[in-house]
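Presented below is the structure to which this report refers.
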Amino acid sequence: MEKLYQYHPIITANYQLEFLSNLPAQDIQRFLQTDLPTSAHFMTQAMLDVMANRRLIWGITTKDTDQFEGLCLIQPLSATAVRLQIVFNTTIPSEILDYMQIFIRQQLKFPQITITCQMIDRQFVKNFLK
């Protein structure tokens, strides 16, 4: 599999997906609803995973206001399958879901996608840091 870290930013009609290291830490902390040490640990783990080619993770911001809206994670499960996980504060825009499915199939060449969409909560952060 090719190096995952080359995929940023991703831009859709109304959103931009960018690596967490390129976004304000305060925005990420507010979204995760955690304290500063936990948020820092989350961001560090996310970038280590990207650089080790274990998963992709982007922060999702609106293009017009740069408002931090959510997270998008892609984790390879096998040579032919990935898990797409989108975590949002509100309803997940179909624009992002549709775009990411096309991106995974056409750019990353994974034919099988398991999709998980959820609202942000503390359990998400705990599961991510396990």
Side-chain angles (χ1 to χ4, degrees):
M1 183 170 51
E2 57 191 296
K3 296 294 181 189
L4 296 176
Y5 60 80
Q6 66 184 332
Y7 294 108
H8 80 100
I10 290 179
I11 300 171
T12 70
N14 297 296
Y15 296 92
Q16 180 166 313
L17 287 76
E18 183 59 87
F19 287 155
L20 299 183
S21 58
N22 295 336
L23 297 170
Q26 300 91 332
D27 291 352
I28 298 166
Q29 180 183 357
R30 248 187 317 275
F31 177 78
L32 295 175
Q33 304 166 15
T34 61
D35 58 18
L36 184 58
T38 303
S39 297
H41 185 203
F42 182 94
M43 290 181 273
T44 301
Q45 186 60 53
M47 294 318 300
L48 287 171
D49 287 351
V50 170
M51 297 308 289
N53 225 36
R54 288 188 292 262
R55 77 174 107 197
L56 276 167
I57 181 169
W58 298 280
I60 303 169
T61 60
T62 56
K63 277 177 48 177
D64 57 349
T65 64
D66 288 329
Q67 177 74 32
F68 193 92
E69 295 288 338
L71 296 168
C72 179
L73 301 89
I74 298 175
Q75 182 174 5
L77 301 173
S78 70
T80 60
V82 296
R83 179 172 70 156
L84 169 63
Q85 184 174 17
I86 300 177
V87 184
F88 236 68
N89 267 335
T90 60
T91 303
I92 296 164
S94 61
E95 171 185 336
I96 293 172
L97 189 56
D98 295 344
Y99 186 95
M100 293 314 298
Q101 289 179 82
I102 293 167
F103 172 79
I104 290 168
R105 287 193 173 98
Q106 292 181 357
Q107 188 68 38
L108 299 180
K109 309 289 188 213
F110 284 98
Q112 298 172 324
I113 305 170
T114 300
I115 300 171
T116 305
C117 298
Q118 69 182 79
M119 300 287 284
I120 185 65
D121 61 20
R122 292 182 191 265
Q123 193 60 45
F124 166 78
V125 176
K126 287 179 185 178
N127 291 341
F128 183 86
L129 293 175
K130 282 185 181 178

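In this text, all values refer to a predicted model and were calculated from it rather than measured experimentally.
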Hey, could you give me the [atom1]/[atom2] distance between [X] and [Y], rounded to the nearest 0.5 Å?
{"X": "I113", "Y": "T80", "atom1": "CD1", "atom2": "OG1", "result": "11.5 Å"}
{"X": "E69", "Y": "I60", "atom1": "CD", "atom2": "CD1", "result": "8.5 Å"}
{"X": "N22", "Y": "M47", "atom1": "CG", "atom2": "CE", "result": "7.5 Å"}
{"X": "T116", "Y": "Q75", "atom1": "OG1", "atom2": "CD", "result": "10.0 Å"}
{"X": "I104", "Y": "Y99", "atom1": "CD1", "atom2": "OH", "result": "11.5 Å"}
{"X": "T90", "Y": "I120", "atom1": "OG1", "atom2": "CD1", "result": "12.0 Å"}

Criterion side chain to side chain donor-acceptor pair (under 3.5 Å) on T61 and Q16, from CA distance to verdict: CA-CA 5 Å; T61 60; Q16 180 166 313; 5.4 Å; no

All salt bridge (charged side-chain N to carboxylate O under 4.0 Å, His left out) counterparts of R122, not counting sequence neighbours: none

Between [X] and [Y], is there a donor-acceptor pair closer than 3.5 Å when you use the side chain of the first and the backbone of the second?
{"X": "T12", "Y": "I96", "value": "no"}
{"X": "Q101", "Y": "L97", "value": "yes"}
{"X": "Q29", "Y": "T34", "value": "yes"}

Establish whether [X] and [Y] are linked, either directly or via other cluster members, by ILVMFWY side-chain heavy-atom contacts under 4.5 Å.
{"X": "M119", "Y": "Y15", "value": "no"}
{"X": "F68", "Y": "I11", "value": "no"}
{"X": "L129", "Y": "L73", "value": "yes"}
{"X": "I115", "Y": "L77", "value": "no"}

Determine whether [X] and [Y] make a side-chain contact, defined as any pair of heavy atoms from C-beta on separated by less than 4.5 Å.
{"X": "L84", "Y": "C117", "value": "no"}
{"X": "I74", "Y": "M100", "value": "yes"}
{"X": "L20", "Y": "V50", "value": "no"}
{"X": "S39", "Y": "M43", "value": "yes"}

Minimal non-hydrogen separation, [X] against [Y], with atom names:
{"X": "I86", "Y": "C72", "result": "CG1-SG, 4.3 Å"}
{"X": "R105", "Y": "P111", "result": "NE-O, 3.6 Å"}
{"X": "A81", "Y": "F110", "result": "N-CD2, 3.5 Å"}

All ring pair (Phe, Tyr, Trp, His ring centres under 6.0 Å) counterparts of F88, not counting sequence neighbours: none

Worked check of side chain to side chain contact (heavy atoms under 4.5 Å, CB included) between K63 and N14: CA-CA 5 Å; K63 277 177 48 177; N14 297 296; 5.7 Å; no

Ring geometry between F128 and F42 (parallel below 30°, tilted from 30 to 60°, perpendicular above 60°): tilted

